[in-house]
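Because the structure is a prediction, the values reported are computed rather than measured. All values below come from the heavy atoms of this structure, side chains included, with hydrogens, waters and symmetry mates left out. Each ligand, and each atom within it, is numbered from 1 in the order the structure gives.
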Amino acid sequence: MKHRGILAVVSGFSGAGKGTLMKNLVNQYDNYALSISMTTRLPREGEEDGREYFFVSKETFEEKVGQGGLIEYACYCDNYYGTPKEYVENQLAMGRDVLLEIEIQGALKVREKFPEALLLFVMPPSAKELENRLTGRGTETPEVVSKRLRRAVSEAQGIENYDYIVINDDLEMCTQELHSIICTAHKSVGRNEEFIENMRQELNVLVKGEK
Ligand code: 5GP
């Protein structure tokens, strides 16, 4: 029996290490498909169109929204970010677990559309460590760092909407934790209704045959 994949939404403060975690999951296990978002933000050094993001103009982004081509979208620190629909739906139907690395407003919209989605929140071990990581990236101006820290303050208010938190202190351990949470989710009763129903029917047939 082919199961539908799990839609795993991963959020966390900017600088919590979500991007690296997503890459680790995709490289270390073969059940994951990483959704590539569309954004109006400019590429950072080293980023490639079609790899980290589809980098587009505001016009192209709005066009995609108008066509209903995004599962969700949100404005984050003055730029738009959105999840293309087609890829996600195809991969889920093929039974792959789809990873969406998106911020909190988008995550909540996904939950409305896909109540069965698994919402995971990645935390740094401490606020100070978050600041160090954001500064240490060296790709952001002090203004951007401070904007992202302020954004973290408001995002921290929404964590109760998530199913699990994972603390990214040791990257490898955190990758394994995320993977094991997703594996466990596959075993939930709600995701195995068809199997359970088949079992009930088979049991009934067996019991009737005993008479
Ligand atoms: P960054 O500019 O650092 O790559 O991303 C900024 C924020 O946008 C991150 O929190 C990231 O998770 C979020 N983000 C990336 N793609 C999407 C998306 O498709 N939808 C939403 N809602 N947020 C996204």
- Task: Run through ligand 1 for me and note each protein residue having a heavy atom under 4.0 Å from it, chain first, then residue number.
- Result: K18, S37, R41, R44, Y53, E72, A74, Y76, Y81, G82, T83, E101, I102, E103, G106, R148
- Pair E112-K109, salt bridge (Lys or Arg N to Asp or Glu O under 4.0 Å): steps then yes or no: CA-CA 5 Å; E112 275 171 29; K109 286 186 213 153; over 6 Å; no
- Query: Below 4.5 Å, heavy atoms only, C-beta onward: do R96 and N31 meet side chain to side chain?
  - Reply: no
- Would you call E155 and R151 a salt bridge, using N to O less than 4.0 angstrom? yes
- Item | Among R148, K58, K147, R41, the one residue meeting salt bridge (Lys or Arg N to Asp or Glu O under 4.0 Å) with D78 | K147
- Set of residues satisfying side-chain hydrogen bond (donor to acceptor under 3.5 Å, both in side chains) with respect to Q67, sequence neighbours excluded: none
- Query: Do the charged groups of D163 and R111 touch, with an N to O distance under 4.0 Å?
  - Reply: yes
